[in-house]
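Encoded as structure tokens, the structure appears first; notes follow it.
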Amino acid sequence: MHLHRYERIWLMIGGGTLVLFLSIVGVQAFAMDAHPPGSLVTVNPQTVTQEAPFNKPSLTQVGPKEYKAVMVGRMFTFQPGRMEIPVGSTVHFQITSPDVVHGFEIAGTNVNMMVVPGHINRATYTFDRPGEYLIVCNEYCGTGHQVMSGKIIVK
Ligand code: CUA
């Protein structure tokens, strides 16, 4: 098969970048132990919402301007769905799912994680600006995916 010279160069550039990027992902995953946030903690998705702390999803104050949010993401809602905190508060989120994979993104922040059945994922964020923060599910999870949202009110 005859390949034009430029075509061969293009294929080499394409193949080279593929190898380069896969190597970077490989080094991060296996040598630097990069993984999704908190995914080392496992739970039984069938019973997780009957056991503490996920049987009572809630926002609790754990210190001055410091809160813990124990959350469940399920078809098609976040529990608790509405949280109010004073401005400057730091919230430690932990979330799991009893059904399918959901997303947990707080719009306008860098909090963006997956909600995976069988895992507890965690994120911490300090809300320095007042306002209404929208929590969106950004993983397609079924027929009600587009209505799955929550709210954090910071004032
Ligand atoms: Cu939950 Cu999309």
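Atoms within a ligand are numbered from 1 in the order they appear, just like the ligands themselves. None of these values were measured; they are calculated from a predicted model.
- For atom 1 (Cu) of ligand 1, the N/O/S atoms of Tyr140 include none lying under 2.8 Å.
- Residues Glu139 and Cys137 approach most closely at O-SG, 3.3 Å, considering heavy atoms.
- Judged by distance alone, the side chain of Lys155 and the main-chain N or O of Glu132 form no donor-acceptor pair under 3.5 Å.
- The minimum heavy-atom distance linking Thr96 with His119 is given by the pair OG1-O, 2.7 Å.
- Closest N/O/S atom of His145 to atom 2 (Cu) of ligand 1: ND1.
- Residue contact annotation: His102 places no N/O/S atom under 2.8 Å from atom 2 (Cu) of ligand 1.
- Within Glu139, the N, O or S atom at minimum distance from atom 2 (Cu) of ligand 1 carries the name O.
- Sparse packing is recorded around NZ of Lys151, with 12 or fewer heavy atoms of other residues, nucleotides or ligands lying under 6.0 Å away.
- One finds an angle of 120° at atom 1 (Cu) of ligand 1 between SD on Met148 and SG on Cys141, to the nearest 10 degrees.
- Looking only at distances, no side-chain donor or acceptor of Asn138 sits under 3.5 Å from a matching main-chain atom of Glu105.
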